[in-house]
Amino acid sequence: MPLREGVSPSVVAVPAGHWPSLLDFLAHRMPGISREEWAQRLSQGLVLQESGQSAQPDQACLAGQRFFYYRHVSDEPCLPMSAIVLFEDDHLLVADKPHFMPVTPSGAYVQQSLLVQLKRLTGHAELVPLHRIDRETAGLVLFGKHLRERDAYHALFREHRIHKTYRAVATHRPDLTLPCVHTSRLAEDPVHFFKMREVPGDPNSETRITLLDTQGPRALYQLEPVSGKRHQLRVHMNALGIPIEGDQFYPSVLRGPDAGEDFNQPLQLLAHSVQFTDPHTGQDRQWTSTLPLDWRTSPP
């Protein structure tokens, strides 16, 4: 199916059951989108049959059929910065993602997401992120250009054959012995679904933390995650009593995930560098982010 303004279509399969029409099925299957909006998407040709032809709202909807639809958000917020492409070859694309930008379409962001921006820019329909970083985090994101090559790159992460470093700004605690390795078991917070927390049990997360520099009560840290759990670096820094500056979730929720953005208070966390041997070319790869943290006039 073709890209539309950088957006690849999602697919929905019709299970066993009875629906008077396709519009009835879509409204029942995905109630988060109103019936009126589904009708509008159908009229705009944003729902396709497997043949690639536009689907009709009153057409039959039978078990086993598949339909393709394009995500769309009305009045999508505009982010203040665009992504930067640092590198591209036949296998990889490396981008510098600004704060507040999701890697893939989510919530209020579709066209503003990093993946859609890059697909629109390059025209590569198979472009796929090889890993994720939080929407609030800035820095390096790697994309594969061919789906058939994705597993070899994913193996680098599974087998810890890729070295990633992050930079973070937080309070300086002279009493902490650094560098240190922090391990813990992370699980979803039962109260706030969008947060993680440390719980008893065998560790499933590990981060090496190094002090790089100090500036009065503030400090610049290097973080090296061995595992890749959601919010791992943010939770580990908070557990050490040095939550990352600008964090709206840790130690307490200051702004929920659906709240409006405050672009003047970005999370001071940056995916700073990445290093590995490319499994397809055998070349040694290394990139460093060009984006600054709110630390000094020139990033260290």
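Quick note: numbers below take in every heavy atom, side chains included, and nothing from hydrogens, waters or symmetry partners. Just so you know, residue 1 is the first one in the sequence shown, and it goes up from there.
Between the side chain of T171 and the backbone N or O of R218, no donor-acceptor pair lies under 3.5 Å. Although no hydrogens or angles enter the test, the distance criterion places no donor-acceptor pair under 3.5 Å between the side chain of Q265 and the main chain of D262. With hydrogens and angles disregarded, a donor-acceptor distance shorter than 3.5 Å links the side chain of Y250 to the backbone of M196. One N or O on the side chain of S205 and one on the backbone of S184 form a donor-acceptor pair closer than 3.5 Å. In this structure, the side chain of Q65 engages the main chain of L62 through a donor-acceptor pair within 3.5 Å. With hydrogens and angles disregarded, no donor-acceptor distance shorter than 3.5 Å links the side chain of Q49 to the backbone of F67. Between the D96 side chain and the T290 main chain, a donor and an acceptor come within less than 3.5 Å of each other.
Side-chain contact annotation: R230 with Q232, donor-acceptor N/O pair under 3.5 Å absent. Side-chain contact, Q222 with T210: no donor N or O sits under 3.5 Å from an acceptor N or O. A side-chain donor from one of S273 and T165 sits under 3.5 Å from a side-chain acceptor of the other. If you check the side chains of S289 and H272, you find no donor sitting under 3.5 Å from an acceptor. Counted by atom type alone, H163 and E224 present one or more donor-acceptor pairs between their side chains at under 3.5 Å.
Residues A13 and F25 come closest through the heavy atom pair O-CZ, 3.9 Å.
A search for side-chain contact (heavy atoms from CB on, under 4.5 Å) contacts involving H28 returns W19, not counting sequence neighbours.
Between H236 and H182, the angle of the ring planes goes over 60°, which puts this pair in the perpendicular group of the 30/60° scheme. Using cut-offs of 30° and 60° on the angle between ring planes, the pair W38 and Y69 is perpendicular.
A continuous path of hydrophobic side-chain contacts links L79 to V85 [ILVMFWY only; heavy atoms under 4.5 Å]. Taking hydrophobic clusters as Ile, Leu, Val, Met, Phe, Trp and Tyr residues chained together by side-chain heavy-atom distances below 4.5 Å, F276 does not share a cluster with L93.
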Test salt bridge (Lys or Arg N to Asp or Glu O under 4.0 Å) on R285 and D89; report intermediate values, then the result.
CA-CA 12 Å; R285 302 292 202 185; D89 68 2; 2.6 Å; yes

Enumerate, atom names and distances included, each donor-acceptor pair closer than 3.5 Å involving a side-chain atom of residues 151-159, sequence neighbours excluded.
from : atom 1 : to   : atom 2 : distance (Å)
Y153 : OH     : D278 : OD1    : 3.1
Y153 : OH     : D278 : OD2    : 3.0
E159 : OE1    : R161 : NE     : 2.7
E159 : OE1    : R161 : NH2    : 2.9

All N/O donor-acceptor pairs, side-chain side in residues 118-129, below 3.5 Å, sequence neighbours left out:
from : atom 1 : to   : atom 2 : distance (Å)
K119 : NZ     : S8   : OG     : 2.5
K119 : NZ     : A125 : O      : 3.3
R120 : NH1    : Q111 : OE1    : 2.4
T122 : OG1    : L118 : O      : 2.8
T122 : OG1    : H124 : N      : 3.2
H124 : NE2    : E88  : OE2    : 3.4
H124 : NE2    : K145 : NZ     : 3.2
E126 : OE1    : L147 : N      : 3.2

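Taking a cutoff of 4.0 Å between a charged side-chain nitrogen and a carboxylate oxygen, R29 and D24 do not qualify as a salt bridge.
Of the options T137, L293, I133, D247, a side-chain contact (heavy atoms from CB on, under 4.5 Å) to L269 is made by T137 and by none of the others.
Around atom CD of E5, no more than 12 heavy atoms belonging to other residues, nucleotides or ligands sit under 6.0 Å away. More than 12 heavy-atom neighbours from other residues, nucleotides or ligands sit within 6.0 angstrom of NZ on K195.
Between F249 and H192, a ring centre-to-centre spacing not shorter than 6.0 Å is recorded.
Between S54 and L48, the closest side-chain pair of non-hydrogen atoms falls below 4.5 Å.
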